[in-house]
Amino acid sequence: MSDEPRETDSGQSSEHPGSLWGTRFDGGMAPEMVSLNRSLSVDSRLWREDVRGSKAWAQALRRADVLNPNELSSIITGLEGVAHRIEREGFGAAEEEDIHTVVERMLLEEIGSLGGKLHTGRSRNDQSATGVRLFGMAACDRIREHLLTLCRALHELALRGLHLPMPGYTHLQQAQPIRAAHWALSHLFAFLRDIDRIEVAKDAAGVLPLGSGAVAGCPFPIDREALKDELGFRQVSPNSIDAVADRDWICDLLYTGAMVGVHMSRLSEDLVLFSSLEFGFVRLSDGFSTGSSLMPQKRNPDVAELARGKSGRLNGNLVTLLTLLKGLPTGYNRDLQEDKEALFDTCDTLEVTVPALAGAIKTAQFVPGKIESVMDSQLFATDLADYLVNKGVPFRETHEIVGRLVRLAEQSESPLNELSLDDMRREHEAFEEDVAEVFDWERSTEVRDTIGGTSLKAIQEQLEEVRARLAGSEKGKG
Ligand code: ARG
């Protein structure tokens with residue numbers, strides 16, 4: 001018997017059982033290398049995409065006259081058999097290195113050596129890049145839906161806070177009166193930008209690598225435009241080297257995920273604070289609150305803490321991928337196999353976290369009495385300065401005058417709105433009886449009537465902008 005490695009019946013190497021490339025090697029792969037080399041536990045979830053891409057490739061080979069009609073139909077039937085088998089039995093004790101190898105082995109088991117024609121002109125480099133993009137495009141659609149649900153929930157929350165005053169904060173110190181709707185909308189607009197981002201990521205994913213081979217393209221007359229249409233891509237990749245090495249779209253998706261994480265964590269931080277006894281502005285529903293195993297009274301905002309916590313891994317995944325890509329030489333490098341864990345983790349994290357946060361927001365209630373009880377009359381200090389401005393006093397002076405009044409109020413342990421007219425007139429004679437009207441949240445919010453401001457009209461315009469945008473996104477679906 002020759003000591004040359006032999007082809008087995010399935011066309012795979014006997015020295016490298018289950019591999020697609022073993023015949024040029026003497027001896028098998030070292031066990032330590034086998035473990036490092038394997039990606040099946042991660043990429044097995046791409047089996048549907050792999051089968052779908054393979055069916056489209058078989059059609060392309062037929063159109064290029066590489067397969068005859070009978071061969072095409074056997075391969076398609078075989079791939080369908082593979083799909084049924086995976087659906088029924090999973091992967092069993094598959095020992096292959098990746099999902100592409102498993103699907104090919106199963107195809108050979110279904111239809112015999114004819115299955116070996118499927119890989120003509122194709123490499124796992126363009127094959128895996130295609131499968132992961134198919135996954136990515138569908139994931140972008142799902143994530144976009146979840147973000148829309150979150151935006152709708154924030155829109156409803158804003159409506160519940162339309163006529164509700166609340167302190168607006170800077171430095172987490174009470175600053176100026178706002179409507180609670182304004183606060184809810186501030187978070188909503190951030191998530192609308194994330195919807196733009198996920199659409200950009202989906203477009204970036206929609207470039208077809210299949211037909212690029214390992215690096216140098218395909219020697220058979222494959223109609224890549226037809227392949228693109230069949231697989232639902234937007235565009236054919238224009239350069240075969242770039243096609244097998246480009247993971248920019250994953251960076252776009254992971255960046256979007258990181259931004260969603262940042263926005264979720266900022267909203268969550270507000271919810272944690274606002275649902276505390278000290279603030280008490282918001283009450284999360286029972287369904288989104290958790291208790292303590294020790295302290296019977298506890299009502300914890302775990303949904304918000306978990307959303308805040310999950311943002312860490314979303315940031316981490318982006319950094320993982322950027323670091324992975326930096327400094328890679330031209331063409332496909334095996335490093336690129338590591339793209340999937342970060343991608344899957346970001347998609348999975350978003351798909352669990354965004355709906356939970358949306359549910360918490362949808363069922364959250366403002367607590368008007370509590371908000372009202374903490375609104376300090378110093379919130380109107382700027383309005384007081386503006387009052388004098390309207391009497392012709394330069395703002396710089398009015399700022400100083402009101403600063404002194406605030407100090408006086410603090411020294412006499414009196415709320416700002418309870419200083420006497422005489423106290424005020426000692427600082428400036430332009431103060432008159434009507435100064436009392438300044439200490440009114442509705443007046444204060446109404447005068448801020450420029451675009452993006454706090455007046456009812458300005459808020460209603462924001463709500464309308466959001467409503468139109470969400471309705472348009474519904475229509476633009478798919
Ligand atoms: N599993 C690999 C990946 O996900 C594809 C295999 C390409 N392997 C190779 N030796 N060129 O990137």
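One-based numbering, in listed order, for ligands and for the atoms of each.
A donor-acceptor pair is defined here as one N or O able to donate and one able to accept, closer than 3.5 Å; such a pair exists between the side chain of Arg160 and the backbone of Ala364.
Near Ser128, meaning under 4.0 Å from any of its heavy atoms, are these atoms of ligand 1: 3 (C), 4 (O), 5 (C), 12 (O). Each of the atoms 3 (C), 4 (O), 12 (O) of ligand 1 lies under 4.0 Å from some heavy atom of Lys340.
From the protein, the heavy atom lying nearest to atom 7 (C) of ligand 1 is Asn125 OD1, 3.3 Å. If you check which protein heavy atom lies closest to atom 3 (C) of ligand 1, you get Tyr332 OH, 3.4 Å.
In this structure, Phe366 and Trp183 have perpendicular ring planes: the angle between them is above 60°, well past the 30° mark.
Checking Gln337, Arg124, Arg38 against atom 10 (N) of ligand 1, the nearest heavy atom belongs to Arg124.
Separation of atoms CE (Met166) and CD (Gln176) is listed at 13.5 Å; rounding is to 0.5 Å.
Considering backbone and side-chain atoms alike, Arg247 places every N or O at 3.5 Å or more from each N or O of ligand 1.
When each of Lys310, Arg313, Arg45 is checked for a salt bridge (charged side-chain N to carboxylate O under 4.0 Å, His left out) with Asp348, only Arg45 meets the rule.
Using 4.0 Å as the threshold, Glu97 has no heavy atom nearer than that to any atom of ligand 1.
With respect to Arg266 and Glu269, no salt bridge is recorded, no charged nitrogen being found less than 4.0 Å from a carboxylate O. One finds a salt bridge joining Arg247 and Asp339 here, because a Lys/Arg side-chain nitrogen approaches an Asp/Glu carboxylate oxygen to under 4.0 Å.
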